[in-house]
Amino acid sequence: MPEMDGFQATRKIREHEGDSRHVPILAMTANAMQGDRERCLESGMDDYLPKPVTLDSLKNALRQWLPAGSVTF
């Protein structure tokens with residue numbers, strides 16, 4: 001059993017990263033219900049990928065949030 005959920009983990013990461021660093025956090029969930037995306041973004045996550053995740057949507061998200069040149073497919 002996990003000690004915290006993704007929302008709690010996101011808040012902890014955001015509390016500790018400071019002004020000079022930003023860790024990209026992408027939600028990936030099977031709970032694709034209305035309002036889930038907004039809840040994830042409001043909690044401090046950067047993006048939201050509902051399952052089933054397509055290879056193209058994953059590639060696009062990684063290209064958006066990781067440094068240029070760090071992702072090759």
Side-chain angles (χ1 to χ4, degrees):
M1 186 85 167
E3 292 184 24
M4 64 180 76
D5 64 23
F7 300 107
Q8 294 166 319
T10 298
R11 285 190 288 277
K12 288 281 189 191
I13 291 168
R14 295 295 179 235
E15 287 172 9
H16 290 88
E17 66 186 356
D19 295 334
S20 63
R21 185 166 184 210
H22 181 81
V23 176
I25 300 174
L26 287 73
M28 189 179 296
T29 180
N31 283 346
M33 310 238 338
Q34 186 173 359
D36 284 347
R37 177 181 176 80
E38 291 76 18
R39 183 174 175 216
C40 289
L41 299 177
E42 287 171 3
S43 75
M45 296 178 193
D46 295 296
D47 211 342
Y48 174 85
L49 297 170
K51 291 180 183 176
V53 175
T54 65
L55 186 55
D56 285 338
S57 66
L58 179 59
K59 285 179 182 180
N60 290 336
L62 292 174
R63 285 187 182 119
Q64 178 179 351
W65 295 106
L66 296 178
S70 67
V71 179
T72 58
F73 300 102

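Scope of the values below: all heavy atoms of this structure, side chains included, with no hydrogens, waters or symmetry mates.
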Working to the nearest 0.5 Å, report the span between [atom1] of [X] and [atom2] of [Y].
X: E38; Y: S43; atom1: CD; atom2: OG; answer: 11.5 Å
X: L58; Y: L26; atom1: CG; atom2: CG; answer: 8.5 Å
X: D5; Y: Q8; atom1: CG; atom2: CD; answer: 4.0 Å
X: R39; Y: Y48; atom1: CZ; atom2: OH; answer: 10.5 Å
X: H16; Y: R11; atom1: NE2; atom2: CZ; answer: 13.5 Å

With side chain to side chain contact (heavy atoms under 4.5 Å, CB included) as the criterion, how do K12 and E15 come out once you've worked through the C-alpha distance, each side chain's angles and the decisive distance to 0.1 Å? CA-CA 5 Å; K12 288 281 189 191; E15 287 172 9; 4.0 Å; yes
Do you know which two heavy atoms are closest between [X] and [Y], and how far apart they sit?
X: M45; Y: A27; answer: SD-CB, 3.4 Å
X: L49; Y: S57; answer: CD2-O, 3.9 Å
X: P24; Y: L66; answer: CG-CD2, 4.5 Å

Check whether [X] and [Y] end up in the same hydrophobic cluster, where Ile, Leu, Val, Met, Phe, Trp and Tyr are linked by side-chain heavy atoms less than 4.5 Å apart.
X: W65; Y: I13; value: no
X: F7; Y: L41; value: no
X: I25; Y: M28; value: no

V23 versus R14: any side-chain heavy-atom pair under 4.5 Å? yes
